[in-house]
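Keep in mind that this is a model prediction, so the values were computed, not measured. Every number for a ligand or one of its atoms is a count from 1 in the order of the listing.
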Amino acid sequence: MHHFRYVGQKLHCESVDLAAVAQLYGTPTYVYSAQTMADNFSRLAQGLAGLEVQQCYALKANSNLALLRHLANLGAAFDLVSGGEIRRVLAAGADVRSSVFAGVGKTEAEIRFALEQGIFALHVESEPELERINHIAGTLGVRAPISIRVNPDVDANTHAKITTGKSDNKFGIPLAQAAGAYEAAAKFKHIELRGVQMHIGSQLTEVGPFVEAVEKVGPFAAQLKTRYGITYFSIGGGLGIVYRDALASGDPAWWAALPPAHRPLTPEAYGAALVPLLRPLGLKVLLEHGRYIVGNAGVLLSRVEYLKRGASRNFLVLDAAMNDLVRPAMYESFHEVVPLQRDTARPALVADIVGPICESGDCFAKARQIQQVGEGEHVAFMSAGAYGYTMASRYNSRLMPAEVLVQGSRFELVNARETFETMIAGEKIPASLRH
Ligand SMILES: *Cc1c(COP(=O)(O)O)cnc(C)c1O
């Protein structure tokens, strides 16, 4: 559920007419709904009621400072994967004492910084990393709190680029070797064993793989609790969102009308399946959902530049491109595209929806049926809040898009569109070439 809907014929985010945002700040612009994020956060908390839960929002889904502060205010901690992400949390006015630091390639500087900032735990992915952490903790005179990421070897049934819990992925330590890794870790002088972690993939829409993974790792977590006194089990993130019927899924009636077997995974169903498996362990449970918290809380606004009618296909050419929203090009993913101004009297149009970049991959949708829209009108890409801005680039020397946060009837620019001057600020022409 989310707070994007038509009021009359105009697409709104909460009580804000999105045409007003496009008018004031231009396009391409990401717009986020604060209320949708808060709802998603509390639905997850309620779905897992009965457990002691710490939600560590996965920053890589969307790391805008305003969103981070909003989530911190709601009680979130963070799942971090780089020194830059740690600095973002601090810049947002929060701390990382309940947050965790993951990733297969943590540098010395990042590990030191995380420990200095009092990170709740480092999620370790290999034995050489453990040695490095032990050494750095020794030089700082602290014991580094760690958990080992175990790879449960389950098939998350999602896109190959976002599955992480199979034994042939680069992530974690295979369950069969994990007991040995903990034994080795326990011998390090400057390491404190605090928990165990797993994360099997992203955009999961069925509960089965989560259940399978918890059933596999749960007994191991119980052993670790007995043997080393660990206090938590992080079950990762990965809860999927609705992309195909994204706009309709904002309405509770849409969910109610679906037969339960066809209903995408909800936090309630996720909790109902997992709480009975997790509760007997008596461990605190960490959640690391990113996409679920922000994915359907954001849209990308774009302007129609041209409607190019071809002999065999039509092309709707937008001012947004693959550099702004790379998911369709990278993961072949589907984003619903809807007009900001609905007009049911207009004929439908079948067109490829494309950006201006000189690359065939710069295509958001092929042969998509959409209400006819023309030059100067606007559309919104639904479900663009996660892995949208954070994966954006400047390809083709295009400026990074703007970001806007909506709260009720107010909206505010929370990241100004990049300027050409800042884009080239670090570049220089060597004196040897200046002639
Ligand atoms: C990416 C990631 C997440 C978040 O995944 P979502 O699908 O966005 O919920 C959580 N934990 C780890 C370790 C990750 O790498």
For residues 386-405, pull every pair meeting salt bridge (Lys or Arg N to Asp or Glu O under 4.0 Å), keeping only residues two or more places apart or in separate chains.
Asp324-Arg398, Arg394-Glu418
Side-chain atoms of residues 46-62: list all donor-acceptor pairs with protein atoms under 3.5 Å, sequence neighbours left out, distances to 0.1 Å.
| from | atom 1 | to | atom 2 | distance (Å) |
| --- | --- | --- | --- | --- |
| Gln55 | NE2 | Phe41 | O | 2.9 |
| Tyr57 | OH | Asn62 | N | 3.1 |
| Tyr57 | OH | Asn62 | O | 2.7 |
| Asn62 | OD1 | Asn64 | N | 3.1 |
| Asn62 | ND2 | Tyr32 | OH | 3.1 |
| Asn62 | ND2 | Gly385 | O | 3.0 |

Pair Arg303 + Glu305, salt bridge at N-O below 4.0 Å:
yes
Is a salt bridge present between Arg112 and Glu116, judged by a nitrogen-to-oxygen distance below 4.0 Å?
no
Using a strict cut-off of less than 4.0 Å between a Lys/Arg side-chain nitrogen and an Asp/Glu carboxylate oxygen, indicate whether Glu336 and Arg244 qualify as a salt bridge.
no
Taking distance alone, no hydrogens or angles, what donor-acceptor pairs closer than 3.5 Å link side-chain atoms of residues 208-225 to residues at least two apart or in another chain?
| from | atom 1 | to | atom 2 | distance (Å) |
| --- | --- | --- | --- | --- |
| Lys216 | NZ | Pro152 | O | 2.9 |
| Lys216 | NZ | Asp153 | O | 3.1 |
| Lys225 | NZ | Leu281 | O | 3.3 |

For a quick check: using heavy atoms under 4.0 Å, what are the residues in contact with ligand 1, sorted by chain and number?
Ala58, Lys60, Asp79, Arg149, Gln197, His199, Ser202, Gly237, Gly238, Glu288, His289, Gly290, Arg291, Tyr387
